[in-house]
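The structure appears below as structure tokens.
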Number of protein chains: 2
Amino acid sequence: MVAQADDAVFRPVRTGNPFEETVERLLQAIKLGVVAPGERLPAERDLATRLNVSRVTLREAIHALTEAGYVESRRGRYGGTFVNEQLPKPRRTPARRIARELGDGLEDALTLRGALETGAAEAAAARELSVAEIDHLQRCLADTSAANLTDYRRFDSRLHLAIAEVTGSPSLTSAVADARMRLNELLDAIPLLSRNITHSNEQHEAIIQAILEGDQAAARAAMSEHLSGTATLLHGFLT
Amino acid sequence: MVAQADDAVFRPVRTGNPFEETVERLLQAIKLGVVAPGERLPAERDLATRLNVSRVTLREAIHALTEAGYVESRRGRYGGTFVNEQLPKPRRTPARRIARELGDGLEDALTLRGALETGAAEAAAARELSVAEIDHLQRCLADTSAANLTDYRRFDSRLHLAIAEVTGSPSLTSAVADARMRLNELLDAIPLLSRNITHSNEQHEAIIQAILEGDQAAARAAMSEHLSGTATLLHGFLT
DNA sequence: ACTCAATGGATCGTCGGCAGACCATTGAGT
DNA sequence: ACTCAATGGTCTGCCGACGATCCATTGAGT
């Protein structure tokens with residue numbers, strides 16, 4: 001008996017407390033570019049309901065993010081909690097240290113991400129997209145191409161998330177977002193080279209084109225190639 | 001703005017309470033065949049630690065499963081909680097009713113499952129498998145082929161889980177297990193035809209063979225075909 | 001016949017998170 | 001200048017989950 005199945009089924013039912021989870025989610029929204037700098041988060045009462053968390057807990061999470069410099073709250077009607085224009089710089093932990101901490105987790109995260117994102121690309125290509133969805137994809141693609149170095153990661157994440165969205169599968173979208181967040185710390189640790197960005201943009205274009213043409217095999221292949229590029233880069237910097 | 005990304009990121013941080021979650025996990029272990037009838041669950045103290053749940057909560061969950069007829073507990077050294085030889089028959093809820101309740105969730109679950117399991121098959125084929133892993137796979141394959149109608153679903157799940165296991169990615173394994181569970185109720189609602197089983201067994205063999213040969217494309221293709229068969233079957237019965 | 005380690009069974013105090021109600025502030029609309 | 005709806009900010013009582021501790025039972029080993 002290999003007994004790894006046990007580990008999968010008997011894994012912890014919950015990771016951390018609601019407070020920590022909530023902080024993580026809000027960070028996700030900011031770092032993945034779901035809520036852009038200057039934009040407003042949903043109202044506390046609304047957001048608490050959607051996150052299935054008490055308002056008290058949500059407020060504690062927001063407070064933490066305020067202290068960390070991510071958001072600011074304003075009272076009154078037309079008030080709310082807004083994402084700061086100037087986001088805190090990610091702490092550039094030395095790559096190797098992160099890699100050590102992650103350990104086998106790196107391979108794990110990359111494997112999961114590969115399965116999810118290639119699957120998403122294929123599924124997206126298989127769908128009949130609405131005009132709004134096509135616009136959304138192309139908008140994200142253009143934003144990413146036009147992004148400067150400091151914003152690149154966020155728009156890149158947003159684009160990948162957009163691809164997952166147009167599969168029409170909420171679960172798949174969520175899973176992609178989570179997988180992406182797991183790798184975010186790693187990605188912050190490696191330098192962004194403009195050569196890589198150029199290459200990345202070309203691949204993005206190929207992926208989107210294949211999706212819009214409905215070519216499932218091509219979409220999958222293009223995404224697969226794109227991801228393996230990142231994976232190789234990560235391996236290179238972390239070994 | 002398509003605004004579906006919000007739904008993905010601001011989804012509930014937790015589903016249900018620890019008690020319900022724990023019950024779900026234990027059912028998963030039983031229904032996916034991780035713990036076979038007659039076998040023993042891990043000791044309460046051990047299991048509670050692994051699930052990251054208090055022993056009290058775990059015991060309440062076990063109590064619920066005892067009343068439902070899934071397990072029985074025995075005291076003393078060499079005692080423990082054992083899975084019953086005769087499992088309760090799944091309540092054959094009319095398929096259409098389930099389909100209505102699930103709604104779009106069916107497509108969602110099928111999409112996610114497709115991405116995960118085809119990805120797992122490909123990843124498994126890409127790995128250099130140990131002798132133990134190969135044995136495990138072939139054992140699961142043989143068990144499934146030999147299973148009678150009442151046991152088939154469980155061994156089938158076990159085989160698919162085994163494929164995910166040999167990717168070496170715990171996250172992927174967990175995700176596959178969860179996706180499978182989401183579809184379990186549906187699968188219970190459609191009749192098992194021996195013709196379908198024969199077909200299924202042939203496909204299983206093709207998948208395993210491709211994995212053992214290290215042929216990634218073939219493994220993916222075989223899995224994809226296998227899954228689409230199930231998907232078609234489900235669609236047929238639920239429409 | 002006895003021992004004892006491993007297991008399930010039971011109880012109690014603590015605390016984090018929750019629901020609900022209420023207060024304070026803001027600014028567009030009138 | 002006033003109104004008021006929507007928002008963030010605060011407080012209180014309650015409950016579920018937790019950790020810890022002790023009890024009861026069993027049967028292989030001696």
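Here is the naming used below: chain letters follow the sequence lines, and residue numbers restart at 1 for every chain.
Stem analysis of DNA chain C (at least three stacked-register Watson-Crick or G-U pairs, each with both distances under 3.5 Å) gives C:1-30 with D:1-30.
Using a 3.5 Å distance cut-off with no hydrogens or angles, the side chains of A:D108 and B:S171 do pair a donor with an acceptor. Side chains of B:E107 and A:S169: no donor on one and acceptor on the other come within 3.5 Å. Residues B:E21 and B:T15 bring a donor and an acceptor atom of their side chains to less than 3.5 Å of each other.
Of the side-chain N and O atoms in B:S54, none sit less than 4.0 angstrom from OP1 or OP2 of D:dA17.
Note: CG (B:D46) to C1' (C:dG8) measures 14 Å, nearest angstrom. The nearest whole Å value for the distance from the CZ atom in B:R14 to the C1' atom in C:dG17 is 8 Å. If you take CZ of B:F19 and P of C:dG17, they are 21 Å apart, rounded to a whole angstrom. Per the geometry, CZ belonging to B:R59 stands 14 Å off P belonging to C:dT7, to the nearest Å. Rounded to whole Å, atom P of C:dA10 lies 12 Å from atom CD of B:E60. With rounding to whole Å, B:L47 atom CG is found 14 Å from C:dG9 atom P.
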- Message: One character per nucleotide, please: for nucleotides 1-7 of chain D, 5' to 3', B when the base has a protein heavy atom closer than 4.0 Å, S when only the sugar-phosphate does, - otherwise.
- Response: ----BBB
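A salt bridge is absent between B:D46 and B:R55: the closest approach of a Lys/Arg side-chain nitrogen to an acidic carboxylate oxygen does not fall below 4.0 angstrom. Between A:R11 and B:D178 there is a salt bridge, with a side-chain nitrogen of the basic residue lying less than 4.0 Å from a carboxylate oxygen of the acidic one. In summary, A:R158 and A:E165 engage in a salt bridge, as defined by a charged side-chain N under 4.0 Å from a carboxylate O.
A heavy-atom distance below 4.0 Å to DNA chain D is reached by none of the residues of residues 66-73 of chain B.
Listed by chain and number, the residues in a side-chain contact (heavy atoms from CB on, under 4.5 Å) with A:L192 are A:L149, A:Y152, A:R153, A:I197 (sequence neighbours excluded). Partners of B:D143 under the side chain to side chain donor-acceptor pair (under 3.5 Å) rule, at least two apart in sequence or in another chain, do not exist in this structure.
In terms of position on DNA chain C, the residue among A:R55 and A:E20 whose nearest nucleotide sits closer to the 5' end is A:E20.
For the pair B:V9/A:L26, no side-chain contact is recorded, criterion being any heavy-atom separation below 4.5 Å from C-beta on.
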Mind listing the side-chain donor-acceptor pairs of residues 73-87 of chain B below 3.5 Å, one per line with the distance, residues two or more places apart or on another chain?
residue : atom : partner : partner atom : Å
B:S73   : OG   : B:T81   : OG1          : 3.0
B:N84   : ND2  : B:G69   : O            : 2.7

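Among the nucleotides D:dC18, C:dG17, C:dG9, the one closest to the side chain of A:T57 is C:dG17.
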